[in-house]
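Structure first, then comments.
One-based numbering along the sequence shown. Each ligand, and each atom within it, is numbered from 1 in the order the structure gives.
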Amino acid sequence: MLETYEAEVMIREAMGQVATERVALERAAGRVLRQTIRAERDQPPYDRVTMDGVALRASLERHFDIAGIQRAGMAAEQLPAGAVCLEAMTGAMLPIGADMVVPIERLRRRDGGVTLEDGYTPEPGQFIHRKGVDCRAGDTLLTSGVRLNAPALAILAGNGFADVEVAQIQRIAIFSTGDELVPVGGPVREWQIRRSNEHAIAGALSARGFGSSDISWVADDLDATVQALSEALVSHDVLILSGGVSMGTYDHVPAAMQRLGVTKIFHRIAQRPGGPMWFGIGPKGQRVFGLPGNPVSALCCCVRYVVPALLEAQGLKRAERFTVILAAEAMLLPALTRFLPVTLRQTGAGHIAAAPAPIPTSGDYNHLGTADGFVELPPGAGHAPVGTPVVFHGW
Ligand SMILES: Nc1nc2c(c(=O)[nH]1)N[C@H]1C(S)=C(S)[C@@H](COP(=O)(O)OP(=O)(O)OC[C@H]3O[C@@H](n4cnc5c(N)ncnc54)[C@H](O)[C@@H]3O)O[C@H]1N2
Ligand code: MOO
Ligand SMILES: [Mg+2]
């Protein structure tokens with residue numbers, strides 16, 4: 001059977017890259033950048049005063065008349081000759097002829113001027129950020145494939161990018177399948193189950209900048225499934241299905257896909273939970289993920305395969321997974337990769353330790369709230385000991 005990494009490679013090869021679009025800076029937060037951003041000009045763009053005080057020229061004088069004021073937002077004033085200074089504000093241009101700034105705390109006001117505090121000798125060049133020390137015009141500040149987080153948005157704004165090239169957001173449809181499933185609001189009978197998978201999947205996606213996805217439900221009926229999915233294949237780039245991929249008489253997803261001309265890339269992965277996962281490509285290149293219906297399986301497969309695939313298709317460079325160490329020994333599964341829900345905590349030694357969260361069954365979405373995500377244990381015999389490094393995937 002397919003190993004987890006083999007499935008991942010097959011999905012990656014099928015995904016390709018999405019097109020780009022230009023969006024206003026105000027709408028760019030969380031999106032994936034698809035252009036190089038270079039500095040508009042030197043930063044700081046001028047010799048910049050860094051403290052509120054006075055700007056003056058190095059000399060042996062201790063008392064200075066105030067000849068004027070240099071505010072932020074003004075062109076540089078000329079500092080007149082003699083024992084004079086200009087009041088200067090943080091962020092202002094350094095006046096022409098000045099070469100140091102003395103902060104207000106080091107000055108005494110006297111006779112309409114200022115006197116240096118006793119025993120205080122200012123250093124030439126002090127409290128000035130020189131032009132271009134942060135960066136030079138044309139320097140590369142951001143490259144394609146970064147997520148537009150707070151610093152990135154500041155960079156775009158500060159360098160005059162009122163709009164920016166980002167990866168298009170794929171049109172995503174999420175379907176749950178199953179006669180037993182009823183809506184969140186409204187009555188629920190003993191033999192019925194409230195639909196939860198689609199909300200978990202939609203949440204995992206919207207938390208990663210994919211906006212809101214379209215959510216639908218279809219009964220365990222082959223014709224109804226074909227009908228609903230054929231419409232979704234017209235209007236969406238990506239379909240994420242939950243349920244109906246295993247071996248039951250009413251698990252119609254693989255057959256419906258065949259009828260719709262969606263080519264199967266794989267069915268089943270050597271993992272638990274999530275073994276029955278299905279993946280295929282539609283006639284127009286639509287990507288179809290068939291996630292197993294059990295809630296822990298559906299969410300683990302979504303986070304392990306769907307989320308990274310969608311992010312990589314946007315060109316995102318930095319993977320969201322990282323390595324943690326096991327805080328307790330964990331049973332391995334012969335021939336199966338194990339996804340083990342865990343709670344993270346920081347250790348005294350500066351590591352992040354992952355403690356297994358008690359999840360009694362792969363249907364138990366209620367206990368998932370105690371876990372931060374899951375770790376991936378390779379196939380094997382016996383137990384992985386405490387301290388084993390393992391890859392973590394956050395919800
Ligand atoms: N003979 C076999 N039976 C099963 C196998 C197998 O290999 N051989 N695999 C098991 C595994 S592992 C899983 S996981 C499930 C996968 O089942 P399906 O993908 O076919 O999903 P369903 O049968 O439709 O539902 C399974 C389970 O999940 C609940 N469910 C489904 N959708 C939702 C939803 N949107 N919200 C909440 N809960 C949902 C559903 O009620 C069922 O309890 O198959 C095993 N069987
Ligand atoms: O994916 Mo299934 O039981 O392994 O939950
Ligand atoms: Mg089933």
Starting from atom 35 (N) of ligand 1, find the nearest protein heavy-atom neighbour and note its residue, name and distance.
Glu198 OE1, 2.9 Å

Does the residue Gly244 have a heavy-atom contact with ligand 1, meaning some pair of atoms that are separated by less than 4.0 Å?
yes

In terms of its nearest heavy atom to atom 9 (N) of ligand 1, the top option of Ser246, Ser196, Ser297 is Ser246

One should read off an interatomic distance between Lys264 NZ and Phe266 CZ, to the nearest 0.5 angstrom, of 10.5 Å

Between the CG atom in Leu156 and the CD1 atom in Ile37, the distance rounded to the nearest 0.5 Å is 5.0 Å

Can you tell which of Gly293, Gly178, Ser362, Gly274 gets a heavy atom nearest to atom 19 (O) of ligand 1?
Gly293

Gln17 (side chain) donor-acceptor with Glu312 (main chain) under 3.5 angstrom
yes

Mode of Ser176 contact toward ligand 1 - side chain, backbone, both, neither (heavy atoms, under 4.0 Å):
side chain

Would a 4.5 Å heavy-atom cut-off, applied to side chains only, mark Thr361 and Asp364 as touching?
yes

I'd like a table of the close N/O pairs between ligand 2 and the protein (anything under 3.5 Å), one pair per line with both atom names and the distance.
| unit_1 | atom_1 | unit_2 | atom_2 | d |
| --- | --- | --- | --- | --- |
| ligand 2 | 1 (O) | Gly274 | N | 2.4 |
| ligand 2 | 1 (O) | Ser297 | OG | 2.5 |
| ligand 2 | 3 (O) | Ser362 | OG | 3.2 |
| ligand 2 | 4 (O) | Gly274 | N | 3.2 |
| ligand 2 | 5 (O) | Asn294 | ND2 | 3.3 |
| ligand 2 | 5 (O) | Ser297 | OG | 2.5 |
| ligand 2 | 5 (O) | Ser362 | OG | 2.7 |

Would you mind running through ligand 1 and noting each atom that sits below 4.0 Å from a heavy atom of Arg195?
36 (N)

Mind checking whether Ile352 and Phe322 have side chains closer than 4.5 Å, heavy atoms only?
yes

Is it true that a side-chain atom of Gln192 and a backbone atom of Arg189 form a donor plus acceptor pair closer than 3.5 Å?
yes

Tell me which protein heavy atom sits closest to atom 7 (O) of ligand 1, plus the residue, atom name and distance to 0.1 Å.
Arg268 NH2, 2.8 Å

When you look at CZ of Arg71, are more than 12 heavy atoms from neighbouring residues, nucleotides or ligands closer to it than 6.0 Å?
no

Cationic N near anionic O, under 4.0 Å, Arg345 to Asp372:
no

Leu181 contact mode with ligand 1 (heavy-atom cut-off under 4.0 Å):
side chain

Picking from Arg208, Arg34, Arg31, Gln170, what satisfies side-chain hydrogen bond (donor to acceptor under 3.5 Å, both in side chains) with Gln314?
Gln170

Would you please determine whether Ser242 falls within less than 4.0 Å of ligand 1 on a heavy-atom basis?
yes

Just jot down the ligand 1 atoms closer than 4.0 angstrom to any heavy atom of Arg194, in number order.
36 (N), 37 (C)

Number the atoms of ligand 1 from 1 as they appear, then name those within less than 4.0 Å of a heavy atom of Pro295, with their elements.
38 (N)

Looking at Asp251, which atoms of ligand 1 are within less than 4.0 Å of one of its heavy atoms?
20 (O), 23 (O)

Should Arg304 and Glu376 count as an ion pair when the cut-off is N to O under 4.0 Å?
yes

If you measure only the distance, is there a donor-acceptor pair under 3.5 Å linking the side chains of Ser144 and Lys317?
no

Taking only Lys NZ, Arg NE, NH1 and NH2, and the carboxylate oxygens of Asp or Glu, determine whether Arg136 and Asp42 approach each other closer than 4.0 Å.
yes

Is it true that Asp47 and Lys131 make a salt bridge, defined as a side-chain N closer than 4.0 Å to a carboxylate O?
no

Give the ring-plane orientation class for His393 versus Phe374, where under 30° counts as parallel, over 60° as perpendicular and anything between as tilted.
parallel

Which ligand 1 atoms does Met247 reach within 4.0 Å, using its non-hydrogen atoms?
8 (N)

Taken to the nearest 0.5 Å, the spacing of Ile66 CD1 from Asp111 CG works out to 11.0 Å

How long is the span from the CD1 atom in Ile11 to the CD1 atom in Ile265, to the nearest 0.5 Å?
9.5 Å

Closest to atom 32 (N) of ligand 1 among Thr361, Val184, Asn197 (heavy-atom distance)
Asn197

Going by atom types alone, do His252 and Thr225 pair a side-chain donor with an acceptor below 3.5 Å?
no

Identify the residue among Ile172, Asp214, Leu233 that makes a side chain to side chain contact (heavy atoms under 4.5 Å, CB included) with Leu239.
Leu233

With a cutoff of 4.0 Å, is Pro276 in contact with ligand 1, counting heavy atoms of the residue only?
yes

Check whether any side-chain N or O of Glu165 sits under 3.5 Å from a backbone N or O of Val23 as a donor-acceptor pair, and report yes or no.
no

Taking only non-hydrogen atoms of Glu180 and a 4.0 Å limit, the atoms of ligand 1 in range are 40 (C), 41 (O), 42 (C)

Nearby protein N/O/S atoms (those under 2.8 Å) for the Mg ion (ligand 3), with water ignored
Asp251 OD1, Asp251 OD2

Any atom of ligand 1 sitting under 4.0 Å from a heavy atom of Arg272?
no

Strictly under 4.0 Å, does any heavy atom of Gly248 approach an atom of ligand 1?
no

What protein heavy atom is closest to atom 27 (C) of ligand 1, reported as residue, atom name and distance in Å?
Asn294 OD1, 3.2 Å

